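For reference, positions follow the sequence shown, starting with 1. These numbers were taken from a predicted model, which means no experiment stands behind them.
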Amino acid sequence: MHVLVLAGQSNMVGRDATPFAYDENPNILNFTNGRAGSPLNQIEIATDPLRHDKDGVTYGTNAGRPFAETLLPTLPEGDKILLVNRAWGGTDISEWRKGHGPKGYSPDSGYNLPVNPYMTTINDTKAALEAVKAAGKDVSLDGILWIQGESDVDHLTCPTMYAAAVVDVLTNMRQDLGDPDLKIVIGAFYQNYGGEAGQLILATLPKIAQKLGAGLASSVGAEVLADGVHMTTQSHQRLGERMAQEYLKLK
């Protein structure tokens, strides 16, 4: 079982309810998250939505299943992929800092995150690994997939400070998951989001990837929903495939 962590904000959660063309694949699994009526920390066949992060929102697709569909044929026959999606919409990078948080959301946001996103991600990933072991299966933690930054565009975060904070978060995540060389692939958010501020944050992503020795997948050509920020199902498919291609280049 190859475990992959999905983290970041709403474009890693998914907001387009249009389904992928993929059939359910018994070799691509999801570690459930216990929101919006779903069970908590249960291994089941991956179907969209993988993640519920907020009440009252239309949930949809993200890059997780396209990534897994692209990666699976490169693995030994009979191997499986387990996705652990612990992304939260609206989280800026400060809320992902280890030991920080939650900073708190606006009263009308509907999130009201009761725990630190970072520690929830670490603890639930460890729970996923233990669940696989308890089932008598071999398990390997194989990587982190990360899409985040729109909230920092909105807050006009200093690009240099943003880059340093992302490197800090993902470095700590590697260490706390017990693998300082754990593979990381960063997916870019929508290329036309946030005007000049968005371009400044996007311009930091290659530097972040280089610092971490991570892969970086472009979102060039992506389309978004009417809200102007959340990528469409077709765009998530392309981004997930690109992230898998970047992952396969990592040593």
Tell me which donor-acceptor pairs under 3.5 Å the side chains of residues 64-84 have, and how far apart each pair is, sequence neighbours excluded?
residue	atom	partner	partner atom	Å
Arg65	NH1	Asp48	OD2	2.8
Arg65	NH2	Asp23	O	3.3
Thr70	OG1	Pro66	O	2.9
Thr74	OG1	Leu71	O	2.6
Asp79	OD2	His2	NE2	2.8
Lys80	NZ	Pro26	O	3.4
Lys80	NZ	Asn27	OD1	2.8

Review item, side-chain donor-acceptor pairs of residues 224-231, under 3.5 Å, at least two apart:
residue	atom	partner	partner atom	Å
Asp227	OD1	Val229	N	3.0
Asp227	OD1	His230	N	3.1
Asp227	OD2	His230	ND1	2.5
His230	NE2	Ser10	OG	2.7

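By the rule that hydrophobic residues join a cluster once side-chain heavy atoms approach within less than 4.5 Å of another member, Val185 and Val220 end up as members of separate clusters. By the rule that hydrophobic residues join a cluster once side-chain heavy atoms approach within less than 4.5 Å of another member, Leu40 and Val132 end up as members of separate clusters. In the hydrophobic clustering of this structure, Phe20 does not group with Ile28; members are Ile, Leu, Val, Met, Phe, Trp, Tyr whose side-chain heavy atoms approach within less than 4.5 Å, directly or through other members. Linking ILVMFWY side-chain heavy atoms closer than 4.5 Å, directly or via other members, places Leu239 and Leu248 in a single hydrophobic cluster.
Using a 4.5 Å cut-off on side-chain heavy atoms (C-beta onward), Val139 and Val3 make contact. With contacts defined as side-chain heavy-atom distances shorter than 4.5 Å, the pair Tyr162/Leu200 does not qualify. Two residues are said to be in side-chain contact when any heavy atoms from C-beta on lie closer than 4.5 Å; Asn33 and Arg86 meet this criterion. Proximity of Tyr22 to Gln237: side-chain heavy atoms (C-beta onward) are separated by under 4.5 Å at one or more points. The closest side-chain heavy-atom distance from Met243 to Ile147 is below 4.5 Å. Considering only heavy atoms from C-beta on, Arg97 comes within 4.5 Å of Val169 through its side chain. With contacts defined as side-chain heavy-atom distances shorter than 4.5 Å, the pair Trp88/Thr120 qualifies. Using a 4.5 Å heavy-atom cutoff, the side chains of Asp124 and Val5 are not in contact.
To the nearest 0.5 Å, atom OG of residue Ser140 and atom CG of residue Leu4 are 8.5 Å apart. Once rounded to the nearest 0.5 Å, the distance linking CD1 of Ile122 with NZ of Lys98 reads 8.0 Å.
Evaluation of the ring-ring contact (aromatic ring centres under 6.0 Å, His included) rule for Phe189 yields no partner, not counting sequence neighbours. Residues passing the side chain to side chain contact (heavy atoms under 4.5 Å, CB included) test with Thr171 are Val167, Gln175, Leu212, sequence neighbours excluded. Every residue two or more places apart in sequence or in another chain that forms a side chain to side chain contact (heavy atoms under 4.5 Å, CB included) with Ala197 is listed here: Val153, Leu156. Scanning for side chain to side chain contact (heavy atoms under 4.5 Å, CB included) contacts around Ala127 gives Phe31, Asn41, with sequence neighbours left out. Every residue meeting the side chain to side chain contact (heavy atoms under 4.5 Å, CB included) condition with Thr18, not counting sequence neighbours, appears here in chain and number order: Asp16, Thr233.
Applying the side chain to side chain donor-acceptor pair (under 3.5 Å) test to pairs two or more places apart or on separate chains, none has a residue in residues 179-189. Counting only residues at least two apart or on different chains, no ring pair (Phe, Tyr, Trp, His ring centres under 6.0 Å) pair has a member in residues 123-142. Pairs engaging residues 128-138 under the salt bridge (Lys or Arg N to Asp or Glu O under 4.0 Å) rule: Glu130-Lys133 [sequence neighbours left out]. Sorted by first then second residue, the side chain to side chain donor-acceptor pair (under 3.5 Å) pairs that include residues 199-215, not counting sequence neighbours, number zero. Here ring pair (Phe, Tyr, Trp, His ring centres under 6.0 Å) pairs that include residues 127-152, with residues two or more places apart or in two chains, are Trp96-Trp146.
Residue Gln191 places its CD atom among more than 12 non-hydrogen atoms of other residues, nucleotides or ligands, all under 6.0 Å distant.
Nearest heavy atoms, Ser219 versus Ala188: CB-O, 3.3 Å.
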message = Quick one, Tyr118 with Asn172, criterion side chain to side chain donor-acceptor pair (under 3.5 Å). Give me CA distance, side-chain angles, the key distance, then yes/no.
response = CA-CA 9 Å; Tyr118 179 93; Asn172 283 333; 5.1 Å; no

